[in-house]
Student: 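Got a structure for you, questions after.
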Amino acid sequence: MRVPLHFPRTVPSFLNAFTLFTLTHIPMEKIRLGVLFGGRSGEHEVSLVSAASVMQALDPARFIVIPIGIAKSGAWLTGPDVLAHLNGAERSEGVADCFLPPDPTRHGLLVCHGEGAFENIALDAVFPVLHGTCGEDGTIQGLLELAELPYVGSGVLASALGMDKALQKRVHVQSGLPVVPFASFSGKAWLEKPDEIIRYLEDALGYPVFVKPPNLGSSVGISKARTREELIVAVDLARGYDRTVIVEQSVENAREIEVAVLGNEAPIASMPGEIVPSNEFYDYNAKYVDGASATLIPAELPEGIGEQVRALAIAAYKAIGCEGMARVDFLVTRDLAHIVLNEVNTIPGFTSISMYPKLFEAAGIPYTELLSRLVDLALERHAEKSALLRSYDPGTDWHRGV
Ligand SMILES: Nc1ncnc2c1ncn2[C@@H]1O[C@H](COP(=O)(O)OP(=O)(O)O)[C@@H](O)[C@H]1O
Ligand SMILES: [Mg+2]
């Protein structure tokens with residue numbers, strides 16, 4: 001089960017083999033790639049680890065890497081020492097304040113060198129290696145759209161849907177994809193009529209359930225509730241992180257199967273991998289801290305089930321309009337009778353040992369090549385969007401003098 005090594009490229013018929021050869025050997029200008037990391041979400045630290053791997057692995061023959069760190073305060077910083085600084089090192093000369101103006105005529109970053117002195121650093125593309133809110137949820141993507149910069153990964157809408165577990169599920173249900181029974185409600189509604197909500201949840205879902213803040217990741221704020229008392233504690237925890245709460249029926253003793261998807265119009269799916277969490281469920285500790293969860297590549301699944309999961313992964317990716325990349329996660333019952341789509345992660349963990357790059361590595365696409373392809377996909381989408389009509393000439397001056 002291998003994914004194709006190369007995207008099919010359309011070769012114009014007027015190019016013969018010789019011209020193709022010479023074209024590919026014209027030295028290309030390096031791409032000035034801004035790598036965005038850190039951010040204000042609970043996944044700040046995870047982003048720093050992912051970004052360190054990404055920056056180390058980017059092909060130096062193709063890219064000039066411009067590190068851009070977002071501190072927990074929200075301050076934007078650039079320079080060679082930014083990653084070390086966000087990791088706790090004292091601020092040095094190698095760290096400068098910067099910001100990305102939404103003004104596309106600036107073509108990139110403005111770096112502040114003291115009062116009123118700005119240096120313009122042009123960017124050809126941006127790789128947001130940010131997880132969670134204000135990074136993976138469409139907000140940064142919106143800024144990059146305004147700035148007209150090509151960027152890796154999904155656009156505004158797919159990022160926002162990928163982030164919101166409740167809205168994402170509604171779109172997936174609409175697309176006929178299998179999701180676990182769930183309900184969502186606002187924190188305000190919970191304060192006003194908790195008894196009504198509890199009665200509804202108990203009737204519709206029963207116990208145990210998983211209670212989550214819809215717009216978070218890395219299992220932050222998620223708990224499993226087996227009783228009414230636990231449900232109340234779990235909702236109070238989740239609504240501290242988000243204005244709404246999602247409650248899902250628990251898929252008991254489920255296997256956690258993950259598929260990596262890559263591409264724009266015609267995405268490809270990796271073979272499925274499996275996570276064997278060290279805790280009862282894959283919580284923050286099991287994900288990052290105790291180092292005891294296992295990653296199995298490929299997942300041991302009968303071929304038919306593996307193919308089904310891959311097809312569902314592509315369908316789920318397309319249903320919410322993903323582009324570039326996403327990791328699509330499933331919960332599969334041990335008897336293999338039920339395959340449930342858990343969630344789509346539009347910026348999956350990206351360390352060299354994370355599931356997403358590992359799955360493609362196993363499919364014959366090494367980490368460095370994967371990163372190059374992701375930037376190529378970003379450039380491809382940007383070129384397509386840039387070719388669209390943007391203005392409309394009504395042929396009259398009706399608006400003047402209004
Ligand atoms: N409905 C569910 N049934 C069983 N386990 C679940 C369910 N929802 C979540 N989990 C467990 O909680 C983990 C984290 O939930 P998930 O929705 O993936 O949130 P996150 O975005 O934080 O990764 C999952 O990997 C799984 O171990
Ligand atoms: Mg998850």
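In each ligand, atom 1 is the first atom listed, and ligand 1 is the first ligand listed.
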Student: Please name the residue in the list Glu380, Glu323, Glu145, Glu148 that meets the salt bridge (charged side-chain N to carboxylate O under 4.0 Å, His left out) test with Lys385.
Tutor: Glu145
Student: Provide, to 0.1 Å, the distance between atom 12 (O) of ligand 1 and the closest protein heavy atom, together with that atom's residue and name.
Tutor: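 Its nearest protein heavy-atom neighbour is Phe281 CD1, 3.2 Å.
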Student: Look at atom 13 (C) of ligand 1 and say which protein heavy atom is nearest, naming residue and atom and giving the distance to 0.1 Å.
Tutor: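 So the nearest neighbour among protein heavy atoms is Tyr282 O, 3.7 Å.
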Student: Report yes or no: does Ile222 have a heavy atom closer than 4.0 Å to ligand 1?
Tutor: yes
Student: Please give me the minimum heavy-atom distance between Ser250 and Phe210, naming the atom from each residue.
Tutor: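 In terms of heavy atoms, the two residues are closest at OG-CE1, 3.5 Å.
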Student: Grab the two heavy atoms, one from Gln249 and one from Val180, that are nearest each other, plus how far apart they are.
Tutor: O-CG2, 3.2 Å
Student: Quick one: does Ser250 get a heavy atom under 4.0 Å from ligand 1?
Tutor: yes
Student: Which option wins on minimum heavy-atom distance to atom 8 (N) of ligand 1: Glu343, Lys212, Glu256?
Tutor: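 Of the listed residues, Lys212 has the closest heavy atom.
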Student: Would you call the rings of Phe185 and Trp190 parallel, tilted or perpendicular if under 30° counts as parallel and over 60° as perpendicular?
Tutor: parallel
Student: Compute the minimum heavy-atom distance from Lys224 to ligand 1 and say whether it is under 4.0 Å.
Tutor: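 No; Lys224 lies far enough from ligand 1 that no heavy-atom distance drops under 4.0 Å.
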Student: Is the closest basic N to carboxylate O distance between Lys169 and Glu248 below 4.0 Å?
Tutor: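 Salt bridge present between Lys169 and Glu248.
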Student: Under 6.0 Å between the ring centres of Phe127 and Tyr151?
Tutor: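 No.
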Student: Determine, considering heavy atoms only, which of Phe210, Phe330, Tyr284 sits nearest to atom 11 (C) of ligand 1.
Tutor: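 Considering heavy atoms of Phe210, Phe330, Tyr284, the nearest to atom 11 (C) of ligand 1 sits in Phe210.
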Student: Taking all atoms of both residues into account, what is the closest heavy-atom pair of Gly162 and Thr346, and its distance?
Tutor: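 Gly162 and Thr346 have their closest heavy atoms at CA-CG2, 4.2 Å.
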Student: Heavy-atom contacts with Val251 under 4.0 Å: which atoms of ligand 1 show up? List them by number with element.
Tutor: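 Under 4.0 Å from Val251, ligand 1 has these atoms: 2 (C), 3 (N), 4 (C).
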Student: Give the minimum heavy-atom separation between Thr351 and Tyr367, together with the two atoms involved.
Tutor: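 Looks like C-OH, 4.0 Å.
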Student: Which residue and non-hydrogen atom of the protein lie closest to atom 23 (O) of ligand 1, and at what distance in Å?
Tutor: Lys287 NZ, 2.7 Å
Student: Can you tell me which residue and heavy atom of the protein come closest to atom 21 (O) of ligand 1, and the distance to 0.1 Å?
Tutor: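 I find the closest protein heavy atom is Lys165 NZ, 2.4 Å.
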Student: Do you see a donor-acceptor pair shorter than 3.5 Å between the side chains of His131 and Ser50?
Tutor: yes
Student: Restricting to N, O or S, what is the name of the atom of Glu343 that lies nearest the Mg ion (ligand 2)?
Tutor: OE2
Student: Between Leu331 and ligand 1, which residue portion shows a heavy-atom distance shorter than 4.0 Å: side chain, backbone, both, or neither?
Tutor: side chain
Student: I'd like to know whether ligand 1 has Glu252 as a neighbour, heavy-atom separation below 4.0 Å.
Tutor: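 No.
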Student: Quick one: nearest non-hydrogen protein atom to atom 14 (C) of ligand 1, plus distance?
Tutor: Ser219 OG, 3.4 Å
